[in-house]
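Note that these values count all heavy atoms, side chains included, but never hydrogens, waters or copies made by symmetry. Since the structure is predicted, the reported quantities are computational estimates derived from the model, not experimental observations. Sequence lines set the chain letters: A, B, ... in the order given, protein chains first and strands last, and positions in each chain run from 1.
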Amino acid sequence: MTAFALVDGNSFYCSCERVFDPRLEKRPVIVLSNNDGCAVARTNEAKALGIRMGHPYFQIKDLCRREGVVALSSNYALYGDMSRRLNQIYDRFSPDVEIYSIDESFIDVSRLPVKDRTTWAKDLRSTVKQWSGIPTCVGIGPTKTLAKLANKVAKKLADGVLDLSGSTERERVMADFPIGDVWGIGPANQAKLAAMGIQFAGQVRDLEPRQARQLMTVVGERLVHELNGRSCLPLETVPPVRQGCAVTRSFGQRVTRKPEMEQAVAGYATRLGEKLRRHGLATDQVTVFMHTSRFDDDEPQRSVSMTVDLPEATNDTLTLIKASRRAVDQLWKSGYRYAKAGIVTQDLVPPSGSQQALFDGLDHERAARVMQALDEANKRWGRATVFPAAMGIKREAFSTKFEMRTPRYTTRWDELPECR
DNA sequence: TCTGGGGTCCTAGGACCC
DNA sequence: TCTGGGGTCCTAGGACCC
């Protein structure tokens with residue numbers, strides 16, 4: 001019999017901030033998306049004030065001021081590092097851990113030598129809290145979907161743990177668990193099911209698998225099995241090779257001039273190269289897109305994209321910049337206020353450079369050494385210490401806003417927290 | 001003034017082939 | 001006027017996730 005635990009950090013980004021600034025304790029705190037656009041993490045105190053997930057910040061600015069909500073820009077360097085620490089702790093509790101997202105991990109608990117999984121989970125929670133400062137919740141069930149469901153319910157329990165291994169308890173909980181909160185049911189499927197009078201997880205569980213498939217494709221059929229305790233989604237301890245890679249950003253201010261667009265996209269190409277090299281992958285085509293904002297509805301709209309094929313798979317930043325610049329050249333048209341642009345790639349492959357170098361001389365080798373030096377310098381002294389001139393030097397006009405970012409406490413020597 | 005970014009999986013339908 | 005039957009591959013778009 002399979003058994004999974006799902007552990008996640010409560011209001012994860014906010015909790016990370018609280019670890020390093022105890023003044024945030026008990027206060028409503030939200031963390032904002034890129035560009036300080038909308039709320040992507042809220043403490044319970046902030047939720048109680050009616051701040052929704054994805055709530056645009058400009059709409060709640062007044063509320064925040066009035067109610068003393070602390071709004072922070074996102075600090076991904078900090079959250080990523082805290083996430084790594086949490087997983088190191090999980091590893092001590094089980095050899096089988098799947099990192100599912102920055103704040104969630106699945107743990108195989110079917111073969112743990114414990115008689116009571118609830119006690120085990122409570123021990124995990126308190127260890128994590130003590131060692132990292134992050135509060136967590138744990139849900140346990142015979143399938144991943146049920147572990148997720150248990151976790152959601154555990155959020156409202158005093159001890160933050162719920163084990164749904166037993167079928168009686170499971171049925172009781174599923175009877176009034178809203179379908180919209182079930183993992184895998186989004187707004188579209190929720191509406192479809194609601195139209196059939198289905199509102200609770202227990203009703204989805206009792207659908208015929210064939211009917212669920214008709215309604216929600218094979219995903220829905222799997223869901224029914226999972227809710228019945230028949231595991232369809234195995235633990236994936238080794239992350240699969242990634243299929244695509246993208247760097248896209250909204251601009252801090254609308255872009256109306258071509259040189260700015262060129263610099264912005266050159267910056268994305270640079271970042272793309274870094275990501276590809278970090279994963280040991282390469283690409284043989286890049287798609288560049290740019291568009292205006294749908295919220296500027298009294299202005300002319302434009303949304304275009306173009307794919308450029310590369311002669312061979314590469315992760316060389318300068319090659320990526322050249323290719324994306326060609327695309328910008330083709331796509332650019334003045335008279336619009338562009339809000340966002342990006343580079344997207346698919347069909348990632350291992351770099352072909354090492355073989356090619358044998359045939360067409362030293363260029364590949366040289367380029368690879370330049371990239372290696374670039375990556376090492378930026379790793380040691382911080383991102384964009386060394387960067388291609390095409391990115392431009394005065395980037396303030398369009399670069400992403402982080403006006404309320406806290407220090408990168410754990411990953412930068414010059415931003416270490418100090419005791420006074 | 002101000003509305004995120006980056007992934008995955010699935011299906012339908014067209015192009016193409018024999 | 002008649003105008004098959006099946007495959008495969010690729011892509012766009014939808015849905016979902018955090």
Side-chain angles (χ1 to χ4, degrees), chain A residues 6 8-9 11-13 30-42 51-62 64 71-76 79-80 83 98-106 144-145 148 151-152 179-193 212-223 232-233 236 239-254 268 271-272 275-276 279 281 285 287 289 291-299 305 307 337 339-348 397 399-404:
Chain A
L6 179 76
D8 76 336
S11 314
F12 182 61
Y13 297 171
I30 59 175
V31 170
L32 303 172
S33 63
N34 269 354
N35 260 327
D36 298 336
C38 31
V40 290
R42 308 103 75 217
I51 299 176
R52 300 183 315 269
M53 182 70 179
H55 213 141
Y57 180 50
F58 77 93
Q59 288 177 1
I60 51 175
K61 228 172 199 166
D62 288 343
C64 290
L72 301 169
S73 304
S74 40
N75 184 345
Y76 290 107
Y79 314 145
S83 171
E98 171 187 338
I99 301 173
Y100 175 66
S101 75
I102 193 164
D103 76 320
E104 290 172 89
S105 291
F106 284 104
K144 282 181 161 181
T145 305
K148 284 280 280 188
N151 172 281
K152 196 141 237 168
I179 48 168
D181 289 345
V182 173
W183 192 38
I185 296 187
N189 285 326
Q190 185 181 359
K192 266 191 222 170
L193 291 166
R213 186 180 193 129
Q214 234 181 346
L215 225 54
M216 302 179 283
T217 78
V218 67
V219 178
E221 181 173 359
R222 225 160 28 207
L223 179 62
C232 303
L233 305 167
E236 288 169 24
V241 174
R242 143 205 293 271
Q243 300 177 13
C245 198
V247 179
T248 70
R249 294 284 181 281
S250 295
F251 303 122
Q253 292 172 33
R254 301 284 185 259
Y268 306 155
R271 182 79 190 107
L272 179 70
K275 285 168 82 172
L276 291 176
H279 288 95
L281 292 168
Q285 39 98 299
T287 300
F289 73 84
H291 61 73
T292 50
S293 169
R294 65 183 193 280
F295 299 110
D296 295 347
D297 45 17
D298 50 350
E299 296 188 33
S305 77
T307 301
R337 296 175 70 240
K340 182 172 177 174
I343 307 186
V344 183
T345 72
Q346 297 156 64
D347 300 323
L348 300 182
S399 55
T400 313
K401 280 192 294 188
F402 293 97
E403 286 174 352
M404 299 159 283

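- A distance cut-off of 5.5 Å between ring centres, combined with a plane angle under 30°, places Phe295(A) in a stacking arrangement with the base of dT3(B).
- In this structure, Arg271(A) reaches neither bases nor backbone, as no heavy-atom distance under 4.0 Å exists between it and the strands shown.
- Atom CZ in Phe402(A) sits roughly 15 Å away from atom C1' in dC2(B) (whole-Å rounding).
- Counting to the nearest Å, the P atom of dG4(B) and the OH atom of Tyr13(A) are 15 Å from each other.
- Along DNA chain B, the nucleotide nearest to Gly37(A) and the one nearest to Ala246(A) differ in position, and the one closer to the 5' end is contacted by Gly37(A).
- At a threshold of 4.0 angstrom between heavy atoms, the contacts of Asp103(A) are confined to the sugar-phosphate backbone, with no base atom among them.
- Residue Asp181(A) contributes atom CG, which lies 11 Å from atom P of dC18(C) at whole-angstrom precision.
- Lys148(A) comes within 4.0 angstrom of sugar-phosphate atoms only, judged by non-hydrogen atoms across all strands, and of no base.
- A distance of 10.5 Å separates CD in Glu104(A) from OG in Ser83(A), rounded to the nearest 0.5 Å.
- The distance between atom CG of Asn35(A) and atom C1' of dC2(B), rounded to the nearest whole Å, is 9 Å.
- Between Lys61(A) atom NZ and dT1(B) atom C1' there is a gap of 8 Å when expressed in whole angstrom units.
- Residue order along DNA chain B, read from the 5' end via each residue's closest nucleotide, puts Val40(A) first among Gly244(A) and Val40(A).
- Nucleic acid contact class of Arg249(A) (heavy atoms, under 4.0 Å, all strands): sugar-phosphate only.
- Nucleic acid contact for Pro240(A): none, since no nucleic acid atom lies under 4.0 Å from a heavy atom of the residue.
- Here the P atom of nucleotide dC18(C) and the CH2 atom of Trp183(A) are 8 Å apart, to the nearest Å.
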A correct dot-bracket answer for DNA chain B, with pairs being Watson-Crick or G-U at under 3.5 Å, [ ] for crossing pairs and | for inter-strand pairs, is ....||||||||||||||
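- One can place CD of Glu98(A) at 16 Å from P of dC17(C), the figure rounded to the nearest angstrom.
- When rounded to the nearest whole Å, the span between NE2 of His291(A) and C1' of dT3(B) equals 12 Å.
- For Gln346(A), no side-chain nitrogen or oxygen approaches OP1 or OP2 of dT11(C) to under 4.0 Å.
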